[in-house]
Amino acid sequence: MAILYNTESTLAERVEACLDDDFKHNAIKNAQEAFYVSRGRLVEEMGDGWQQLRMHAMEVRNHVTENLDYYVKQFAENAEKNGCIMHYAPSGDDALWEVLDVFEKHGAAYAVKSKSMMTEEVGLNEVLEEAGIKITETDCAENILQTAESKPSHIVVPALHFNREAIADIYREKRGYEGSSVPEEITHFLRKILREEFMEAEVGIRGCNFAVAESGSVTLVTNEGNGRMVDTFPKVQIVFVGIDRIVPDLESLDTMMALLPRSAVGAKMTAYFSLDSGPRGEGEADGPEEVHIILMDNGRHELANSEFSDMLRCMRCGACLNICPVYRHITGHGYGSIYPGPMGLVLTPGLVGYDDIDNMVYACSLCGACTEHCPVSIPIHDLVRQHRINIVDQHKNHAIEVPIFKALGLFWSSRPVYLAGMKIGAPVMKVLAHGGNALDASSTWIPVVNSWTSTRDFGVLSETRFRTWFKEHKEQQNNAEGGEQ
Amino acid sequence: MALGNKTLQDLLGPITKQLDHEAVAESVELPEWEFKAQRVTDGMTHEQLVDKFQEEAEKVRTEVVRCSADGLAAAIAAIVGKGVPETGEACTVIAADDDRFAQCGLYDAIKAQELVTDLTVWDSEQGEECIQAALTATYGITYTTGGIAESATVVQPTSPKCGRAVSLLPLAHIAVVDASAIVPTMFEVMKEYEDKGEKLPSQVCFISGPSATADIELVRVEGVHGPMYVNYVIVE
């Protein structure tokens, strides 16, 4: 999978399909509420400390961004000193070549993977499968998606769109599962079948939440322990590290980890947080013998020193998804990007540009809830707006809005024209809306108006003007008051 | 022939250019940070920190027992002596090779338990056999290097005497932690590693309770890939 998927459908089609899916809706709503409530409790417990933590995380991340070349270099050199084999990937394709080289060097044909958004970004699974390499996703949700051949709907809990019955059926059909649809039983079945795979796999592939420049370490946050399994048994390990994952020193890890699990799932810590510095040490009997680090840019550097540089602070916690009213309705699959929700609206065009993203950046009401909840204070909704400004400036997609707004300007600045328009507006629109309350996508045959209604609904004018209604309302009120006296 | 051929310079060049830097700086000083966060553990006495550690552990379904150094063997034997959690069947045990365990007579105390059918002590020379033993073990016992009160986390480095498998593969993990090594937050642990200035262990794992997931309909299930049960034993 690349960053964008489902590109054969339009945003409007995807959104419509998602709006019709009640199960998916409820699943996202429940997740949002569960995470929101538990996060809120922990934030409250910290009092003022929470805001200070956010501010501190912001200053640390900004310092790294301003000196990004230095910290990338320092991390690379120190990781090498720890005995890691470094691979440099300016682009996603470079990363794929490097990974294929590692497999070829070892003649390996079997890998286990723990969830990593970066590998999704470059479409690693598809490439490896094409090269005849078997790759098993080991995070429960990712394994469900892989077995069902589906796509993630949330960056933290990606298989939310399947219910327990559907999941049990997937394993019954594909893996010979014979148990019930009780989540505990399915999960323990996964424990059993995946253990065998962890032990057999030649290569372990994983991501990295934060990379420490000073010590050359990579880290991994997991709850299930699949990350630890990938990190313990395969003899060869490949770690994907984004250049935007770097923190300067070990002390700053504490700040990031005080924010990440609280923001992501409303927990003080995840079950496991591992800090890895090189391959297994002398005399150790487990852990990888060889560690390959793929240090990847893939368009991230262009965000530095730009109007979107704040986005380089993002730690992929998903807090903005968990609070977003638009995400709640159109769910993860509506966006058509592996990075959905508010952070996705900023990051996706930041990485792939404006040409192929449809009207994605308009899937936002600019309410600002994301900005308020972001643990590293990224002004997410301002950046969404900035993308819109850039798109209009570059005359992409919405260039038609320029003449429309010019015409509307004339209309509203002339009182006789405006009054006449209002008078005929209501009855005409009512006919166009087939007696409904809004002009929707079905009215795309109407010239000029269609450039609006193809992307959003247009409310039908009321037959009564507000001024008229207000005047009558006031009179009625006066009469009523008079009557009481 | 290798397909990948990019160098560190290829990666750095565009970043340096984008930042309008002339070249990658020789050194960068960390600024004086403007903000330092208050934490819930600020101002707690050591006794309160240990209590906090226990309180938080219980919130993440981790059982805590406290004992004296002399009582360590008995405290652990009492846990494994109950056999497999919930079913009470006969069980097997794998433990780290630790002088403190040997000194307190832990290994003998475990062997003396009726329901314990096998005890393996981690031995790197016999790595494969130990991993096999850990795969089927009911209990894995480790002596951690510290605890974090804020989140009930234990600090578990990998070493030749304690492989990663011991705290990962068994059905239950018994983590021993010295009360004196319980600190307020992760900051103190990181600061200590930083001050030492040595190469870090190949892995330092911060463990907070049992392995868990909520991937199916957000229902919390424990024991996904790692231990389903975790016990902390605090040595006072």
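To find a chain, count down the sequence lines: A is the first, B the second, and so on, and within it residues start at 1.
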Could you tell me which portion of [X] (side chain, backbone, both or neither) has an atom closer than 4.5 angstrom to a non-hydrogen atom of chain B?
X	answer
A/Thr270	backbone
A/Pro261	neither
A/Pro183	both
A/Ile144	side chain
A/Arg195	side chain
A/Thr232	both
A/Met58	neither
A/Ile167	side chain
A/Ala267	neither
A/His63	side chain
A/Glu282	backbone
A/Met229	both
A/Phe189	neither

Six-ring centre of B/Phe187, B/Lys36 cation under 6.0 angstrom, axis tolerance 45°: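 B/Lys36 over B/Phe187 ring: yes.
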Considering only heavy atoms and a distance below 4.5 Å, find which of [options] pairs most often with chain B.
options	answer
A/Val72, A/Val99, A/Asp94	A/Asp94
A/Glu302, A/Arg280, A/Met46	A/Glu302
A/Glu66, A/Met86, A/Gln51, A/Lys268	A/Lys268

If the contact rule is any heavy atom under 4.5 Å from chain B, which residues of residues 75-83 of chain A qualify, in numerical order?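 So the qualifying residues are A/Ala76, A/Asn82.
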If you measure only the distance, is there a donor-acceptor pair under 3.5 Å linking the side chains of A/Ser252 and A/Asp249?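 On atom types as modelled, these side chains qualify, holding a pair under 3.5 Å.
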B/Lys199 atom NZ, neighbour heavy-atom count above 12 within 6.0 Å: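 Counting other residues, nucleotides and ligands, NZ of B/Lys199 exceeds 12 neighbours.
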Answer yes or no: is there a donor N or O on one side and an acceptor on the other, between the side chain of B/Thr62 and the main chain of B/Glu58, under 3.5 Å?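 It does not hold such a pair.
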What residue, out of B/Pro157, B/Cys162, B/Gly127, B/Ser151, has the most heavy-atom pairs lying under 4.5 Å from chain A?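 Of B/Pro157, B/Cys162, B/Gly127, B/Ser151, B/Ser151 has the most heavy-atom pairs under 4.5 Å with chain A.
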If I take atom NZ from residue B/Lys6 and atom CH2 from residue A/Trp97, how far apart are they, to the nearest 0.5 angstrom?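 Rounded to the nearest 0.5 Å, the NZ-CH2 separation comes to 10.5 Å.
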